2 protein chains.
Amino acid sequence: MTNPASKPASKPAVPAPAPRSRSKRSGSQLTPEAIVQASLRIAARGSSDAFTVRRLGEELGADPTAVYRHFRDKDELLLEVADRTLGEVLDSIRPGLGWQDRIRALADGSLAVALKYPAVASAMASRTTRRANEFRVVELILGAVTEAGLRGAEAAVHYRMVGDSLLALVGQRAAYLLFSAEARAADESAWSREYRLVDPQAFPQITAVAEELAGVTQDAVYQARVEALITAIETSVAQHR
Amino acid sequence: MTNPASKPASKPAVPAPAPRSRSKRSGSQLTPEAIVQASLRIAARGSSDAFTVRRLGEELGADPTAVYRHFRDKDELLLEVADRTLGEVLDSIRPGLGWQDRIRALADGSLAVALKYPAVASAMASRTTRRANEFRVVELILGAVTEAGLRGAEAAVHYRMVGDSLLALVGQRAAYLLFSAEARAADESAWSREYRLVDPQAFPQITAVAEELAGVTQDAVYQARVEALITAIETSVAQHR
DNA sequence: ACCTGAACACCGTTCAAGT
DNA sequence: ACCTGAACACCGTTCAAGT
């Protein structure tokens with residue numbers, strides 16, 4: 001209902017009268033769907049292939065500017081692509097879970113999809129698609145906080161807490177994946193080396209846990225952040241009882 | 001001091017012995033400090049002035065490429081500028097607070113500074129400066145989680161949870177501030193209008209709290225996210241007792 | 001109706017040339 | 001030793017021209 005590619009390939013099995021002359025010239029023949037699919041392929045290549053409209057034209061075998069006949073600008077295309085990836089997230093969540101596990105599954109699925117299409121997740125960290133699948137995600141989170149026991153304004157603000165936090169969390173991970181190997185190496189050396197060489201007088205706390213700081217994994221931080229959201233909901237429920 | 005025409009008509013009344021020949025030609029005479037200060041001025045102008053090296057050259061009254069004599073690339077300059085803004089955050093935290101209020105003060109200060117220099121906060125949401133003031137922030141957060149009662153690996157992972165979450169939170173708010181007015185309006189209309197027009201059959205949860213969703217303020221979400229971090233630390237302390 | 005391709009107004013960065 | 005300015009390799013987007 002909300003998807004723009006609403007033309008349903010409606011020609012049935014009966015032989016089409018004219019084979020729709022299309023391979024004539026440059027073979028392009030664009031559709032919004034083809035553009036979205038090409039965008040997803042490029043985004044899935046991660047840092048090895050930038051998601052630019054010129055690269056997109058190449059992938060489509062068309063002039064770079066041809067996409068402007070189907071999308072107002074690159075941002076509108078990005079919103080559509082992002083909503084498509086949200087569909088992948090939703091499809092990955094199996095039914096029948098309790099509210100805590102539903103949030104965990106949403107977080108896990110979001111992270112997996114964000115790492116699959118890092119350019120999309122990184123660009124969407126502060127955005128809202130306002131498209132079909134986003135409404136489904138909102139419904140999912142609201143269902144979870146309601147099942148937990150929150151109502152009204154309390155449910156609304158906790159939905160926003162969860163939604164914004166997950167978006168930021170997976171956006172951060174995706175952006176990290178897009179960094180140059182050099183920048184990532186510098187970042188990791190901070191934890192593994194620089195924090196061990198700090199002045200113990202000036203930084204006693206860092207000195208005390210320098211070893212443990214180097215051992216913290218991204219997955220441990222991810223899990224702590226997701227569990228913090230769940231705990232916050234539980235705490236709010238307990239307070240409003 | 002803020003005007004770009006920095007030629008100060010500097011010949012004083014009394015003839016200085018050797019006036020350190022500098023105002024000779026183009027009057028630029030760059031230093032790393034002057035470049036950082038100019039960057040902060042530009043960043044403080046928000047979305048009305050993009051933080052580009054060409055704009056920076058203009059602000060300095062020098063050729064845009066002159067900054068490359070003092071910083072390896074734009075990223076290194078950004079890291080230096082970001083660490084400077086971290087100093088502003090630290091200066092805003094008054095001493096003598098308990099660990100919870102220390103985290104709240106850090107969050108409040110970070111938000112204020114992020115909204116003051118949105119281009120910097122937005123670019124740093126997934127980064128680490130590895131510079132002096134960042135070490136001070138790490139020490140502050142570690143001190144808070146230690147005072148709360150966490151030790152070793154548990155303290156380390158909770159430090160990362162707090163640090164990464166605050167970075168993401170204020171980065172999101174800063175990025176939102178940089179959006180075009182048009183994009184912001186579209187975002188707000190989602191909450192105030194589109195969510196009220198949703199199909200009640202397909203989206204019962206959204207329908208139930210559509211009114212409250214429109215009423216959620218950014219400040220309420222911000223507070224919920226900060227309190228979630230504090231609650232997570234308290235919960236972890238209670239569990240490990 | 002849709003695609004092409006030149007063109008525009010930007011980016012960050014390099015490098016030979018100036019002083 | 002430091003700054004300049006042309007130049008390069010990119011961006012997203014517009015628009016007249018093609019078919």
Side-chain angles (χ1 to χ4, degrees), chain A residues 4-5 7 18 20-35 38-39 42-43 47-81 119-120 122-123 127 178-180 182-183, chain B residues 4-7 18-35 38-39 42-43 47-81 119-120 122-123 127 178-180 182-183:
Chain A
K7 202 169 292 185
R20 231 79 300 274
S21 71
R22 54 166 51 191
S23 58
K24 201 168 55 173
R25 203 160 332 285
S26 48
S28 13
Q29 213 58 251
L30 297 185
T31 61
E33 182 60 26
I35 294 172
S39 300
I42 293 171
S47 58
S48 66
D49 214 343
F51 179 26
T52 68
V53 356
R54 276 171 177 81
R55 186 67 194 81
L56 185 52
E58 221 177 300
E59 181 77 17
L60 289 161
D63 190 272
T65 66
V67 309
Y68 288 90
R69 243 51 56 195
H70 300 93
F71 293 92
R72 189 164 53 84
D73 53 26
K74 197 194 174 187
D75 194 63
E76 197 185 284
L77 169 59
L78 176 69
L79 257 31
E80 188 59 41
V81 171
V120 177
S122 174
R127 302 300 299 284
L178 291 176
F179 284 155
S180 66
E182 171 187 21
Chain B
S6 52
K7 197 170 292 183
R20 228 82 299 273
S21 70
R22 55 166 50 193
S23 60
K24 201 167 52 176
R25 202 155 333 283
S26 48
S28 20
Q29 213 57 250
L30 298 185
T31 61
E33 182 59 27
I35 294 172
S39 301
I42 294 171
S47 56
S48 66
D49 214 343
F51 179 27
T52 69
V53 355
R54 275 171 178 81
R55 187 65 194 83
L56 185 53
E58 220 176 300
E59 180 77 19
L60 289 161
D63 190 272
T65 66
V67 309
Y68 288 89
R69 244 51 57 193
H70 299 93
F71 293 93
R72 189 164 52 84
D73 53 26
K74 195 193 175 187
D75 193 63
E76 197 185 285
L77 168 59
L78 175 69
L79 257 33
E80 188 59 42
V81 170
V120 177
S122 174
R127 304 298 302 282
L178 291 177
F179 283 154
S180 66
E182 171 187 21

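What you are looking at is a predicted structure, and each value in this text was computed from that prediction instead of being measured. Order of the sequence lines sets the chain letters (A, B, ...), proteins ahead of strands, with each chain counted from 1.
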B:I42 side chain near B:T52 side chain, heavy-atom distance below 4.5 Å: no
B:E76 side chain near B:L79 side chain, heavy-atom distance below 4.5 Å: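 Sidechains of B:L79 and B:E76: no contact.
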Pair assignment for DNA chain D - dot-bracket with | for other-strand partners, Watson-Crick or G-U under 3.5 Å: ||.|||||...|||||.||
Atom of A:K74, atom of A:F51 and distance for their closest heavy-atom approach: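 Closest pair (atom of A:K74, atom of A:F51, distance): NZ-O, 2.8 Å.
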For A:S39 against A:L77, the heavy-atom pair lying closest together: OG-CD2, 3.7 Å
Derivation and outcome, side chain to side chain contact (heavy atoms under 4.5 Å, CB included), residues A:I35 and A:V81: CA-CA 9 Å; A:I35 294 172; A:V81 171; over 6 Å; no
Return the value, rounded to whole Å, for the distance between atom [atom1] of [X] and atom [atom2] of [N].
{"X": "A:R54", "N": "C:dA7", "atom1": "CZ", "atom2": "P", "value": "14 Å"}
{"X": "B:Y68", "N": "D:dA6", "atom1": "OH", "atom2": "P", "value": "18 Å"}
{"X": "A:L77", "N": "D:dT13", "atom1": "CG", "atom2": "P", "value": "10 Å"}
{"X": "B:D73", "N": "D:dA9", "atom1": "CG", "atom2": "C1'", "value": "16 Å"}
{"X": "A:R69", "N": "D:dT19", "atom1": "CZ", "atom2": "P", "value": "17 Å"}
{"X": "A:D63", "N": "C:dA7", "atom1": "CG", "atom2": "C1'", "value": "12 Å"}
{"X": "B:R72", "N": "C:dG12", "atom1": "CZ", "atom2": "P", "value": "16 Å"}
{"X": "B:F71", "N": "C:dG12", "atom1": "CZ", "atom2": "P", "value": "15 Å"}

Test log, rule side chain to side chain contact (heavy atoms under 4.5 Å, CB included), inputs A:R55 and A:D49: CA-CA 8 Å; A:R55 186 67 194 81; A:D49 214 343; 2.8 Å; yes
B:T52 side chain, from C-beta outward: closest of D:dC3, C:dC2, C:dC11: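 Selected nucleotide (nearest to the side chain): C:dC11.
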Nucleotide nearest A:K74 (side chain, heavy atoms from C-beta), chosen from C:dC2, D:dT13, C:dG12: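 Side chain of A:K74 sits closest to D:dT13.
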Base D:dG5 paired with B:T65 side chain (donor-acceptor, <3.5 Å):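 Side chain to base: pair present.
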Interatomic distance, A:T31 atom OG1 to A:R69 atom CZ [nearest 0.5 angstrom]: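 CZ of A:R69 is found 15.0 Å from OG1 of A:T31.
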